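A short worksheet on the structure shown next.
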Amino acid sequence: MTIPIDNTPKFQAYAHPEVIVSTEWLADHLGTPGLVVVESDEDVLLYEVGHISGAAKIDWHTDLNDAVVRDYIDGHGFQELMNRHGISRDDTIVIYGDNKNWWATYALWVFKLFGHPDVRLLDGGREKWIAEGRAITTDVAPVTEGSYPLVARNDENIRAFRDDVVAHLGKPLIDVRSPEEYSGERTHMPNYPQEGALRGGHIPGALSVPWARAVSEDGTYKSRAELETLYLTDAGLQKGDDVIAYCRIGERSSHSWFALKYLLGFETVRNYDGSWTEWGSLVRAPIALGTEPGRS
Amino acid sequence: MTDSTPPALRDTRNGFLELDERSRLEFLLEFANDLPPLPPHYAEHEDELERVEECQSPVFIIVDVNNDVVTVHATAPLEAPTTRGFASILVHGLTGLASQAVLDCPEDFPLTLGLTKIVSPLRLRGLSGMLWRIKRQVAEKSVAG
């Protein structure tokens, strides 16, 4: 069955209004057969503190990343994960999380690597849900083992590897990190020293659009018009551009990827998950310093 | 070789290891809920506390050494239960010990709790960072005292 989309006017202006829902919509639709809520957080214990009733917990480290190689789980791993949570291929997934949905958009991006058809984001995430006084629970609902099909991961359309970035130099790159990381003053994000790189700076030609500019104070995405000002007018992207976004490990850039791909409707947007922790440690990879994009 | 892990931390470790993985997270959450608030003289002067840079969430620690007895204080936000849990393990496990006993605590203690797979090595670095910062403060304050 098809779960209706959220008709909130703000969403209707987006290129793909079917991929985003409000807290109000979710509250009204919780418990609908075929709707599965997924929480994906930075803090691995936050779900245990309390979560939206019936939500499944999917953790980026322990569930989505391969345990050995710096990569994502493969088709078998994803099938096993979905079955463990009783998720079917035709289920509508709504993902939310902490930290203004960084990990939620990252998880959504991974769901899309496996082509899950209907995945939506809860606008404003966990923080907004709780701020509005909506119910959370520590109960974990029992699930019936699912029968998710085996689907190969397809990295081609929305994931960029370093060689893709090299081939892309000269075309639009969006660096979503903080200005200090972009300019090269820092090799890691403020407060995240363990995810550093050996060199500071940015990929030559990359435009600086820190991820947080795409959201309002309450963590919800800005309106279509505001996002167009941000990415088109100010940063200079043009409709139809082929874009790659990156940050340090690919989570903040998933957040910007979501805005570019679904809210503004760029057809070709890829997330470079190797990001600065790879590029900034690669031998002889070109680097630009300072506040200007530099030449590629 | 003898294990120089302080007895309370050894009990904590045994507590984790005898649980299945799902229950280990709940045990860590119990620690998170059991992190004592800062005493008023530090709560009003949080700037005197040292930030644990290895943690993604803002966590601050300070150590008192009085007559060679160590007291560890820590504070972290409610939205960061993993970090609170780590801090609580060390606050409960190291407070009341002689400074040498704290300094003797093995550096790899965080990796022996059976949390590597369910919490991830990256997140456990925060716990390692807390431990070595506590030990450094104890060393400085023991010499000064």
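Quick caveat: nothing in here was measured; it's all calculated off a predicted structure. Here is how names work: the chains are called A, B, and so on, in the same order as the sequence lines, proteins then strands, and each is numbered from 1.
Both the backbone and the side chain of B:Leu25 come within contact range of chain A, each with at least one heavy atom under 4.5 Å from a heavy atom of that chain.
Here the straight-line distance linking atom CD of B:Glu79 with atom CD of A:Glu42 works out to 12.0 Å at 0.5 Å rounding. B:Thr82 OG1 to A:Asp41 CG: the interatomic distance, rounded to the nearest 0.5 Å, is 9.0 Å. A distance of 11.5 Å separates CG in A:Asp43 from CG in B:Leu78, rounded to the nearest 0.5 Å.
Residue-environment remark: CD (B:Glu50) exceeds the threshold of 12 foreign heavy atoms within 6.0 Å. Within a 6.0 Å sphere centred on CD of A:Glu24, heavy atoms belonging to other residues, nucleotides or ligands number 12 at most.
When all heavy atoms are compared, the tightest approach of B:Arg123 to A:Val44 is NH1-CB, 3.3 Å.
With respect to chain B, the highest number of heavy-atom pairs below 4.5 Å among A:Asn65, A:Asp98, A:Thr138, A:Asp59 belongs to A:Asp59.
Among the residues in residues 45-53 of chain A, those with a non-hydrogen atom closer than 4.5 angstrom to a non-hydrogen atom of chain B are A:Leu45, A:Leu46, A:Glu48, A:Val49.
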